[in-house]
Amino acid sequence: MALIVQKYGGSSVADTESIKRVAKRVVETEKKGNKVAVVVSAMGDTTDDLIDQALSIDSNPPEREMDMLMTAGERISMSLLAMAIHAEGSRAHSFTGQQAGFFTDARYGAAHIKAVRPDRVKNALSLGDIAIVAGFQGINAKGDATTLGRGGSDTSAVALAVALGADICEIYTDVDGIFTADPRIVPSARRIPSIDYESILEMASCGSKVLALRCVEYARRFNMPLHVRSSFSRRPGTLVVPDGIDPRTLPNLD
Ligand code: ASP
Ligand code: MG
């Protein structure tokens with residue numbers, strides 16, 4: 001049995017039908033005998049829409065209130081996903097960043113994770129439940145909600161995987177992994193089946209942005225294997241693994 005963290009990005013949970021599809025995939029992973037913790041982004045363009053709403057009211061909104069607002073997006077997707085899993089006949093429990101033990105510094109809008117103490121997530125997993133965690137958010141020393149910067153749910157997922165001692169962190173997106181170039185622009189682009197952290201970081205500094213830079217740095221620091229794959233297909237994706245690890249030994253590759 002493996003402990004797997006799955007992260008689903010905004011395009012994978014864009015509407016309720018997508019959330020139901022994701023729930024099926026989560027339950028399928030659980031039914032294979034794995035423990036599963038899921039990190040979700042906000043649905044589709046929710047975060048952008050929230051920012052637009054704020055700016056239509058105040059061109060210079062207070063940072064604290066912006067983070068209060070933006071953390072709402074992930075709370076919607078986490079609870080709807082928990083319901084969709086319940087409707088599939090499995091047990092799921094959702095947690096905000098605060099409830100999942102994400103402690104950050106005080107930089108609203110670009111907070112850094114200082115510690116992750118996911119006691120409630122561990123407890124849910126030990127009871128046989130699926131744990132759903134809101135990505136992109138934590139709590140500062142004052143007890144206020146903070147966000148990690150745009151695209152921050154990838155980092156939440158890796159940080160949770162490290163704190164739980166997971167076997168792998170799967171990043172589900174709308175492309176079949178990492179390619180030598182953007183396949184939507186360069187038709188001859190090839191999928192990279194497996195790659196190390198350094199090469200990904202080099203690609204990211206050249207503007208390739210399938211994964212948030214901070215998430216890869218975090219994974220490298222703790223040697224957490226990543227599997228970037230599409231939630232819309234069954235294709236194999238890209239494994240990002242530490243040197244010396246045989247990618248074929250990792251769980252849930254099919
Ligand atoms: N919802 C946030 C954003 O759009 C976080 C994320 O998607 O990772 O930036
Ligand atoms: Mg998003």
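Counting starts at 1 for both ligands and their atoms, following the listed order. Quick caveat: nothing in here was measured; it's all calculated off a predicted structure.
Not counting sequence neighbours, the partners of Phe95 by the ring pair (Phe, Tyr, Trp, His ring centres under 6.0 Å) test are His93.
Any N or O atom pair closer than 3.5 Å counts here, and Ser41 shares at least one such pair with ligand 1. The shortest N or O to N or O distance between Ser153 and ligand 1 is below 3.5 Å. In terms of polar-atom proximity, Gly151 is counted as a contact of ligand 1, with an N or O under 3.5 Å from an N or O of the ligand.
Residue Glu74 touches ligand 1 through its side chain alone, judged by heavy-atom distances below 4.0 Å.
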Step by step, work out the side-chain contact (heavy atoms from CB on, under 4.5 Å) result for Leu211 and Val228.
CA-CA 8 Å; Leu211 287 172; Val228 183; 3.9 Å; yes
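With distances taken over non-hydrogen atoms, the option nearest atom 9 (O) of ligand 1 out of Met43, Met70, Arg150 is Arg150.
A distance-only check finds a donor-acceptor pair linking the side chain of Asp154 to the backbone of Ala212 [under 3.5 Å].
Sparse packing is recorded around CE of Met68, with 12 or fewer heavy atoms of other residues, nucleotides or ligands lying under 6.0 Å away.
For Gly10, the heavy-atom gap to ligand 1 stays at 4.0 angstrom or more.
Summarising the hydrophobic clusters (Ile, Leu, Val, Met, Phe, Trp, Tyr; side-chain heavy atoms under 4.5 Å, direct or chained), the residues clustered with Phe103 are Ile139.
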